[in-house]
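Comments concern the structure below.
Quick note: numbers below take in every heavy atom, side chains included, and nothing from hydrogens, waters or symmetry partners. Keep in mind that this is a model prediction, so the values were computed, not measured.
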Amino acid sequence: MKRREFLKTGIAAGAAVGLAPTLMSWIPSHNWEGYDFGPGPKVPDRLYQGPFSQYEPEAFYGGGVIQYTTPGKQMVNCFGMGLTSYISGDLGAPIVEGKTLDETIDGLFAFPLATKAYIRPNWKHVQKHAGKLEFDDYWKITMEKAAKYNKAVGFRIMMNAPDIMDNTLPDFLHNKLKFTKLPGEWKGNPTQVRYQKEHPQPDYSDPYFLECFEELHALLSEQLNDNPLIEYMDTNMYGLWGEGHSWPYEGNPYKNEAQAEETFLKMFEIQQKYWTKKPLLTNTQPDFSKVGNSSLVDATIRSGNWLRTDTIFIENEQIEALSNRPDWIGAAVECSISNGKEETMGYDNAGIPRNEAVISHVKDVGANYFSLWNIHQINPDSLHRYYNKFPDGLNDLSQTIGFRVRPSWIWSNESNGRSNLVFGMVNDGIASVPGVLRLTLFNDEGTVNVSGCLDAGFPKTRGVRQAMMTLPEGVNWRTTELKLKAELEYKGQRHPVPFTVAQKLNPDGSLTIKQNTRG
């Protein structure tokens, strides 16, 4: 991990001698494929999804193909996926010589392949005094540009920022907490801030901290839980960057590992309590600091929330979690990319720039989101410089990231005197559907409105999921102009999903049912 420089030697050593942390609900390492994470999100209005045999003695709703679609190449801007332009990462507001803050943020939003944005402010950048929020200018400008460009924003509030010399927490909290200097030393270039600081860690089990932490999320969710311009929130985790570790320092500031895990789960429960409509993304960080990461990741999956990672060239267990996560779980990959200057390209022995290798590995794990991020040199000019040299990789990723659904086949049949349509749903993206896909058949007059859902996670990236919808009595697709639309249901919210087809769609992203096959 180039940015996080996370050691794996401690984990490997523990595994070699068979050690296990004495945590209350510690989750041992396991393969993710086939692991029982529970049934997944509830599926409302479940559609009949087979069998569809056609001939006696098993004539179950089979029919004739009336319409087909083929994959489209268009970019999709919808909830649950997208290339993500980083507005701020580790250093707060982006600073670009010769540009105002407004111009810089506008340029980052305007990058043509980005359909989402991301911001990672310190706690004190959003709250200065107890009881109220006070956002720094770069947060305010970010939200203004999100509305201007119709690009939703993901975010994390950092409680520990190792690359900024100032305190991360607001003074009313920082001055009342106990901080512990952990054993160890972070060695590196002494001109860089992270190697000049000691990085003492606060005790998050302090009741005053937990009170303030809950107030922060209550205030944020009051403004943002219903805001369509917010895509997701990264969970506030222990340690450096809030990513679940305090490497290279040994241990943690808690009395014991059980208290550390209990505190971590309390913090997650608080976030769960207030973010009832947005995904919470938890970092897949291994538990180097023994604070309960495995339990937090497990709780994230079981509650239907999503995963993230802070690089793609990373430990085995993070790749295992991302690539074999349950089908209905979304995943974000954060990885710094070249700014287009030759000294940052990092060509391999095949002459391939490192960025292109990053893109291929993002596909390997089936990501929903990927970062357009020049780490500590965030600058829209850097994105354009690389893209102008090597457009193909990013263009292709913009057309495959996340889920791309369409009705590949449409069949029609009759049963009990009523017409049925069967939709063969496919997914041309690299990720399964992160939630439940709802299909609705309707007409403009409002006399037809038939709706129902596929099973969670369908359609997957391989195979066809068939689902049948029965039309109202007396309605026939040949004589009534019907339209099919899709929505992603997540935490009780419905998000429009345009079909990615080469055929013509309606302005609202729906497909008109019209025969285009012979016969």
Side-chain angles (χ1 to χ4, degrees), residues 77-79 82-129 132-159 161 163-171 193 216-217 219-234 236 241-242 275 278-279 281 308 332 334 336-337 339 369-387:
N77 181 6
C78 72
F79 172 78
L83 299 187
T84 304
S85 187
Y86 269 45
I87 309 304
S88 71
D90 302 335
L91 302 180
I95 299 173
V96 177
E97 186 177 354
K99 295 181 185 289
T100 66
L101 182 58
D102 187 280
E103 289 170 339
T104 297
I105 295 177
D106 192 270
L108 292 165
F109 267 94
F111 187 72
L113 300 188
T115 60
K116 299 292 186 290
Y118 181 82
I119 187 169
R120 190 155 56 222
N122 294 333
W123 188 335
K124 70 177 182 181
H125 292 167
V126 302
Q127 186 181 24
K128 278 75 173 170
H129 303 91
K132 62 179 180 180
L133 298 176
E134 299 170 88
F135 294 100
D136 277 15
D137 285 345
Y138 73 100
W139 174 283
K140 296 176 184 177
I141 296 172
T142 295
M143 296 311 296
E144 291 170 1
K145 302 302 180 183
K148 173 183 175 181
Y149 287 97
N150 188 32
K151 296 181 179 182
V153 179
F155 73 97
R156 179 198 298 148
I157 306 299
M158 285 196 295
M159 299 178 292
D163 296 298
I164 298 174
M165 189 60 75
D166 294 340
N167 296 330
T168 309
L169 302 175
D171 291 342
V193 169
L216 171 68
H217 285 283
L219 292 169
L220 286 169
S221 65
E222 184 178 11
Q223 289 194 24
L224 304 176
N225 192 35
D226 279 309
N227 190 333
L229 295 177
I230 295 298
E231 182 85 357
Y232 61 79
M233 189 190 78
D234 285 349
N236 305 117
W241 298 280
W275 298 98
K278 305 294 182 184
L281 273 62
R308 76 179 299 279
E334 174 185 277
S336 62
I337 59 176
N339 61 15
Y369 303 93
F370 174 64
S371 60
L372 302 174
W373 181 41
N374 299 121
I375 196 164
H376 293 172
Q377 298 176 353
I378 290 176
N379 186 338
D381 295 341
S382 299
L383 295 178
H384 286 283
R385 186 184 301 113
Y386 181 85
Y387 180 58

Q) For N167, does its backbone N or O pair with a side-chain atom of K124 as donor and acceptor, under 3.5 Å? A) yes
Q. Which value, rounded to the nearest 0.5 Å, describes the distance between I378 atom CD1 and L372 atom CG?
A. 11.0 Å
Q: Quick one: list whatever passes side chain to side chain donor-acceptor pair (under 3.5 Å) with K151, sequence neighbours left out.
A: none
Q: List the steps and the verdict of side chain to side chain contact (heavy atoms under 4.5 Å, CB included) for L216 and L133.
A: CA-CA 8 Å; L216 171 68; L133 298 176; 4.3 Å; yes
Q | Pairwise distance CZ(R156) to CG(L281) - rounded to 0.5 angstrom | A | 9.5 Å
Q: Work out which heavy atom in N227 is nearest to a heavy atom in M143; give both atom names and the distance.
A: ND2-CE, 4.1 Å
Q: Indicate yes or no: at least one non-hydrogen side-chain atom of P94 is less than 4.5 angstrom from one of I105.
A: yes
Q. Which pair of non-hydrogen atoms, one from I164 and one from G92, has the smallest distance, and what is that distance?
A. CD1-N, 4.1 Å
Q. How long is the gap from CG on L229 to CD on E144, to the nearest 0.5 Å?
A. 11.5 Å
Q. With a cut-off of under 6.0 Å to the ring centre and 45° to the axis, is R308 in cation-pi contact with W241?
A. no
Q | Main-chain N/O of M159 paired to N236 side chain as donor or acceptor, under 3.5 Å | A | no
Q) For R385 and N339, which heavy atoms make the closest approach, and how far apart are they? A) NH1-O, 2.7 Å
Q. Looking only at heavy atoms, which two atoms of Q377 and S382 are closest? And how far apart?
A. O-OG, 4.1 Å
Q. Do D171 and H129 have side chains that get closer than 4.5 Å, going by heavy atoms?
A. no
Q) Distance from T100 atom OG1 to I95 atom CD1, nearest 0.5 Å? A) 12.5 Å
Q: First locate atom OG1 of T142, then atom CD1 of I119, and finally report the distance between them rounded to the nearest 0.5 Å.
A: 3.5 Å
Q | W373: which of F111, Y118, Y86 passes ring pair (Phe, Tyr, Trp, His ring centres under 6.0 Å) | A | Y86
Q: Taking the side chain as every heavy atom from C-beta outward, state whether D106 and K148 have any pair of such atoms under 4.5 Å apart.
A: yes
Q: Please check if the distance between the ring centroids of F155 and W139 is under 6.0 Å.
A: yes
Q. Can you check whether E231 reaches T84 side chain to side chain, under 4.5 Å on heavy atoms?
A. no
Q | Full working for side chain to side chain contact (heavy atoms under 4.5 Å, CB included) between L383 and L108 | A | CA-CA 8 Å; L383 295 178; L108 292 165; 4.2 Å; yes
Q: Drop me the distance from I337's CD1 to N374's CG, to the nearest 0.5 angstrom.
A: 5.5 Å
Q. Taking C-beta and beyond as the side chain, do N225 and I230 meet within less than 4.5 Å on heavy atoms?
A. no
(Q) Parallel, tilted or perpendicular: which one describes the rings of Y149 and F109, with boundaries at 30° and 60°? (A) parallel
Q) Looking at residues at least two apart in the chain, or sitting in another chain, which of them share a side chain to side chain donor-acceptor pair (under 3.5 Å) with E222? A) none
Q: Mind listing the closest non-hydrogen atom pair of G89 and M158 along with its distance?
A: O-CE, 3.7 Å
Q. Which pair of non-hydrogen atoms, one from L101 and one from A93, has the smallest distance, and what is that distance?
A. CD1-CB, 4.2 Å
(Q) Here's a test for you: under side-chain contact (heavy atoms from CB on, under 4.5 Å), which of T168, L169, D166, L91 qualifies with N122? (A) T168
Q) Is it true that K145 and D102 make a salt bridge, defined as a side-chain N closer than 4.0 Å to a carboxylate O? A) yes
Q: Salt-bridge test for R120 and D90: reply yes if a basic N is under 4.0 Å from a carboxylate O, no otherwise.
A: yes
Q: For D136 and K128, run side chain to side chain contact (heavy atoms under 4.5 Å, CB included): C-alpha distance rounded to whole Å, both residues' side-chain angles, the deciding distance at 0.1 Å, then the answer.
A: CA-CA 10 Å; D136 277 15; K128 278 75 173 170; 2.3 Å; yes
Q: Under the side chain to side chain contact (heavy atoms under 4.5 Å, CB included) rule, what do L224 and K278 come out as? Steps first, then yes or no, please.
A: CA-CA 9 Å; L224 304 176; K278 305 294 182 184; over 6 Å; no
Q.
Do L220 and I157 have side chains that approach each other closer than 4.5 Å (heavy atoms only, starting at C-beta)?
A. yes
Q.
Between Y232 and Y369 (judged by ring centroids, cut-off 6.0 Å), do the two rings come close enough to count as a pair?
A. yes
